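Reading through the structure tokens given below for one structure.
In this text the structure is predicted, and so the values were computed from the model without any measurement. Proteins get letters first, then strands, A, B, ... in listed order; numbering begins at 1 in each. Every heavy atom of this structure was used, including side-chain atoms; hydrogens, water molecules and symmetry mates were not.
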Protein chains: 2
Amino acid sequence: MPARGVTSLDVARLAGVSQSTVSRVFSAEDRVSEETRARVLAAAQNLGYQPNVLARSLTTQQSNIVGIVTHISNPFYPYIIEKLTRKLQEMGRQTLLFSVEPDQDVDEILPLVLQYRVDALIITSASLSSEMASQCERQGTPVVLFNRYVPGAKVSAVCCDNIEGGRLVANLLLDAGHKRLAHIAGRAPTSTNRDREKGFADRLRERGYGTWLRDESDHAYQSGREAAQRLFRRPDRPDAIFCVSDAVAFGAIDAARYDCGLRIPEDVSIVGFDDLPTAAWPAYSVTTIREPVNRMVDLTLELLVERIEHPQAEPVLELLPGQVVKRTSARLAI
Amino acid sequence: MPARGVTSLDVARLAGVSQSTVSRVFSAEDRVSEETRARVLAAAQNLGYQPNVLARSLTTQQSNIVGIVTHISNPFYPYIIEKLTRKLQEMGRQTLLFSVEPDQDVDEILPLVLQYRVDALIITSASLSSEMASQCERQGTPVVLFNRYVPGAKVSAVCCDNIEGGRLVANLLLDAGHKRLAHIAGRAPTSTNRDREKGFADRLRERGYGTWLRDESDHAYQSGREAAQRLFRRPDRPDAIFCVSDAVAFGAIDAARYDCGLRIPEDVSIVGFDDLPTAAWPAYSVTTIREPVNRMVDLTLELLVERIEHPQAEPVLELLPGQVVKRTSARLAI
DNA sequence: GCATATAATGCATTCGTATTCACTGATATA
DNA sequence: TATATCAGTGAATACGAATGCATTATATGC
């Protein structure tokens with residue numbers, strides 16, 4: 001029976017009170033007599049009234065909406081978004097989701113995001129330019145980068161220590177006595193891709209290891225599988241591959257076993273990065289670097305709330321260590 | 001330099017025009033002289049002005065926001081949400097994401113969703129009660145169920161024909177001469193779970209097949225693996241299992257190979273449902289029923305737009321056929 | 001019994017934008 | 001030349017809720 005717009009005024013009329021009073025009942029615990037409150041709630045129930053959050057946000061200058069910009073097809077992210085959304089919901093905030101292509105610039109979509117007056121913004125896909133970062137700052141919209149950072153920019157970020165992670169892998173593979181190393185990198189120019197490769201390369205050089213092979217992927221299974229095929233068909237086939245992510249590692253493992261007839265780990269060792277749930281499945285059993293996702297999610301939300309409440313606070317870069325998870329996809333030192 | 005709230009009025013003052021004119025420049029192509037338009041845009045650029053979508057939605061009675069209620073941990077859904085979000089974005093609408101536990105009732109969260117005055121609502125997780133459905137209707141919020149339907153309710157739905165899918169699997173397994181069938185069902189009381197099992201069971205009975213084994217899972221890998229273990233440890237071990245989803249099939253395959261030392265498909269056939277990308281990976285190579293996700297997504301959005309534009313239109317139930325995808329996880333008739 | 005503090009409520013305004021109506025000046029039509 | 005038409009613009013108001021201030025009713029203190 002009630003149409004689209006049941007307003008607080010309708011409820012007020014039915015309950016025989018003013019619109020202000022209805023508002024008081026539904027917003028903060030302002031002083032309203034118990035009797036009035038009951039009458040208002042009954043009237044609201046009766047009409048099926050729900051406060052209009054959008055209208056409320058006009059006066060309160062808070063939307064209770066947090067924007068998340070992401071690229072879901074990398075299977076690492078649905079997992080993260082699930083956690084973020086769940087916890088934001090518990091905090092009484094909702095998630096406005098923006099999807100970008102991995103090669104698409106976040107800058108393009110940012111003006112759109114800002115039109116929604118989100119209270120804060122989490123970016124988990126390709127990074128954003130420093131200009132856009134400062135545009136957000138000027139608008140007073142706090143930004144937290146998840147698993148990315150922009151060196152110069154004044155933006156908070158929560159990140160796995162990808163450089164150290166790359167170094168851990170280099171140690172792991174050299175310690176086990178592998179002779180022909182290779183790296184399948186990520187194509188996108190993100191700090192994550194750069195750092196994993198950099199840590200790996202730095203450590204190899206430090207330990208006096210000569211040259212290694214390199215190929216590229218877009219962080220997904222198929223391109224990882226193709227990159228691995230190219231590597232395996234070389235005359236100087238690698239005996240160990242460090243993959244920029246677990247998804248790529250799955251592709252590399254299938255390429256070895258099913259496309260090239262190689263045994264894992266006897267003929268070739270594969271190491272991934274992320275520790276997706278699938279990495280633990282016995283069909284893959286990927287040795288990998290685990291990102292501390294729970295702590296990363298918690299920290300992200302802490303930083304977010306901190307900056308919503310104290311907008312003038314300085315941006316923070318949190319760097320969390322990854323952890324080696326030894327499984328059976330790589331031959332390791334005893 | 002510009003603080004949080006740069007409004008159309010600020011732009012108007014700087015450009016030496018009225019607020020109305022600024023509004024005209026930024027909303028529909030209302031008649032504004034080229035010269036004025038340029039001046040306004042310059043001023044807006046200068047101040048970093050972005051129209052406030054929330055305020056706009058107050059007068060237009062359209063939020064351009066579509067709510068999606070989902071349960072992401074089933075890997076079928078991230079994939080869907082990605083597609084939906086992408087296409088909604090192209091239509092100029094954004095996605096407000098709500099996460100629910102698989103056992104959590106959508107009814108609980110619905111009032112919250114309605115407070116955001118979403119233009120429409122897509123529900124991909126557990127179904128909602130008919131009462132809530134009519135509550136949405138009364139509010140004038142069109143609802144489309146994705147891969148679910150509620151028999152009595154006046155709600156549109158786009159669904160794979162799960163009954164027919166179950167029948168297809170029954171035929172497939174009987175035709176190949178399997179003798180001891182089993183079904184790993186989904187625990188949640190959704191139409192999807194019910195229908196897949198019903199189609200399978202109906203067809204088995206029609207063909208005079210006696211009794212079959214049954215176990216349950218929550219649609220995820222781990223519980224599928226455990227259910228399969230229980231089945232394989234029975235004295236009357238099945239020689240074929242129909243799994244309610246691919247994720248469960250992955251678990252069943254690993255249970256067979258790694259937990260129970262069975263060969264696939266020589267010792268046991270596994271059939272899934274959904275055709276996730278992972279089902280095509282050679283490590284699993286799951287014979288399954290493919291849901292026509294692209295058409296389902298397109299249809300969902302068509303129904304959505306249709307009902308946003310014609311709110312009084314009758315709800316529609318679209319039932320799309322699934323398709324058998326033959327891979328190597330099941331022994332099949334030649 | 002009167003002044004004062006306090007609780008409960010209403011009135012009026014505000015948030016930022018869209019939109020109706022009225023107005024101006026210019027052009028086209030008779 | 002007078003009138004109708006129309007493009008371009010501004011003034012005023014509405015959307016739904018929050019809130020500062022004013023008002024009333026009640027309780028407290030003396």
Side-chain angles (χ1 to χ4, degrees), chain A residues 2-41 43-44 47-65 114-119 139-141, chain B residues 2-41 43-44 47-65 114-119 139-141:
Chain A
R4 175 107 207 174
V6 182
T7 79
S8 57
L9 194 58
D10 299 326
V11 177
R13 277 197 273 260
L14 182 59
V17 298
S18 72
Q19 180 266 326
S20 319
T21 300
V22 176
S23 169
R24 289 195 178 99
V25 170
F26 278 92
S27 52
E29 292 307 311
D30 220 347
R31 53 233 155 86
V32 177
S33 74
E34 270 317 308
E35 190 220 318
T36 310
R37 175 187 308 278
R39 223 170 50 242
V40 168
L41 287 177
L47 297 173
Y49 169 75
Q50 295 288 349
N52 183 332
V53 176
L54 272 33
R56 171 180 290 169
S57 75
L58 248 193
T59 55
T60 60
Q61 301 285 45
Q62 282 218 10
S63 62
N64 282 342
I65 296 178
L114 295 180
Q115 292 184 3
Y116 282 84
R117 298 298 189 267
V118 294
D119 289 342
Q139 271 240 350
T141 307
Chain B
R4 176 109 206 171
V6 182
T7 77
S8 56
L9 193 58
D10 299 326
V11 177
R13 277 197 274 261
L14 182 60
V17 298
S18 72
Q19 180 266 329
S20 317
T21 300
V22 177
S23 168
R24 289 196 178 98
V25 170
F26 279 90
S27 51
E29 292 308 311
D30 219 347
R31 53 233 156 88
V32 178
S33 74
E34 270 317 307
E35 191 220 318
T36 310
R37 176 187 307 277
R39 226 174 45 245
V40 168
L41 287 176
L47 296 174
Y49 169 75
Q50 296 287 350
N52 183 331
V53 175
L54 271 34
R56 172 179 291 170
S57 74
L58 247 194
T59 55
T60 61
Q61 301 285 48
Q62 283 219 6
S63 61
N64 281 342
I65 296 178
L114 294 180
Q115 292 184 3
Y116 282 85
R117 296 299 188 267
V118 294
D119 289 343
Q139 271 242 349
T141 307

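- The structure places CD of Gln50(A) at 7.5 Å from CZ of Arg117(B), a figure rounded to the nearest 0.5 Å.
- Across the protein-nucleic acid pair, Gln61(B) atom CD and dT17(C) atom P stand 17 Å apart, rounded to whole Å.
- Annotation: side chain to side chain contact (heavy atoms under 4.5 Å, CB included) contacts of Glu35(A) (sequence neighbours excluded): Ser33(A), Arg39(A).
- Remark: P of dA12(C) and CG of Leu9(A) are 14 Å apart, rounded to the nearest angstrom.
- Between Gln62(A) atom CD and dT14(C) atom C1' there is a gap of 17 Å when expressed in whole angstrom units.
- With sequence neighbours left out, the salt bridge (charged side-chain N to carboxylate O under 4.0 Å, His left out) criterion links Arg56(B) to no other residue.
- With sequence neighbours excluded, the residues satisfying side chain to side chain contact (heavy atoms under 4.5 Å, CB included) with Ser18(B) are Ser20(B), Thr21(B).
- Within the 4.0 Å cut-off from OP1 or OP2 of dA17(D), at least one side-chain nitrogen or oxygen of Tyr49(A) is found.
- In this structure, CG in Leu14(A) is found 11.5 Å from CG in Leu9(A), a value given to the nearest 0.5 Å.
- The phosphate of dG16(D) (OP1 or OP2) has no side-chain N or O of Thr7(A) nearer than 4.0 angstrom.
- Taking only side-chain atoms of Thr60(A), from C-beta outward, the nucleotide of dG16(C), dA18(C), dA18(D) with the closest atom is dA18(D).
- Axis orientation changes by 40° from one end of the helix from dG1(C)-dC30(D) to dA30(C)-dT1(D) to the other, with each end axis drawn from 5 pairs and the value rounded to 10°.
- Look at CG on Leu58(A): it is 18 Å from P on dT13(C), rounded to the nearest Å.
- From Asn52(B), atom CG reaches atom CG of Leu54(A) across 9.0 Å, with rounding to the nearest 0.5 Å.
- If you measure from atom CZ of Arg56(B) to atom P of dG16(C), you get 15 Å, rounded to the nearest angstrom.
- Taking Ser8(B) as the reference, Gln19(B), Val22(B), Tyr49(B) meet the side chain to side chain contact (heavy atoms under 4.5 Å, CB included) condition, with sequence neighbours excluded.
- Between the OH atom in Tyr116(B) and the OG atom in Ser57(A) there is a gap of 9.0 Å [rounded to 0.5 Å].
- Separating the CG atom of Asn52(B) from the P atom of dT14(C) is a distance of 18 Å, rounded to the nearest angstrom.
- Here the P atom of nucleotide dT9(C) and the CZ atom of Arg39(A) are 8 Å apart, to the nearest Å.
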Item checked: Protein-to-nucleotide contact annotation, 5' to 3' order, nucleotides 7-14 of chain D [B base; S sugar-phosphate only; - none; under 4.0 Å, heavy atom] -> BBBBBB-B
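- Atom pair Gln50(B):CD and dT17(C):P shows a separation of 11 Å (rounding to whole Å applied).
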Check: Checking side-chain contact (heavy atoms from CB on, under 4.5 Å) for the pair Val40(B)/Arg37(B): CA distance, chi angles, key distance, verdict?
Finding: CA-CA 5 Å; Val40(B) 168; Arg37(B) 176 187 307 277; 5.9 Å; no
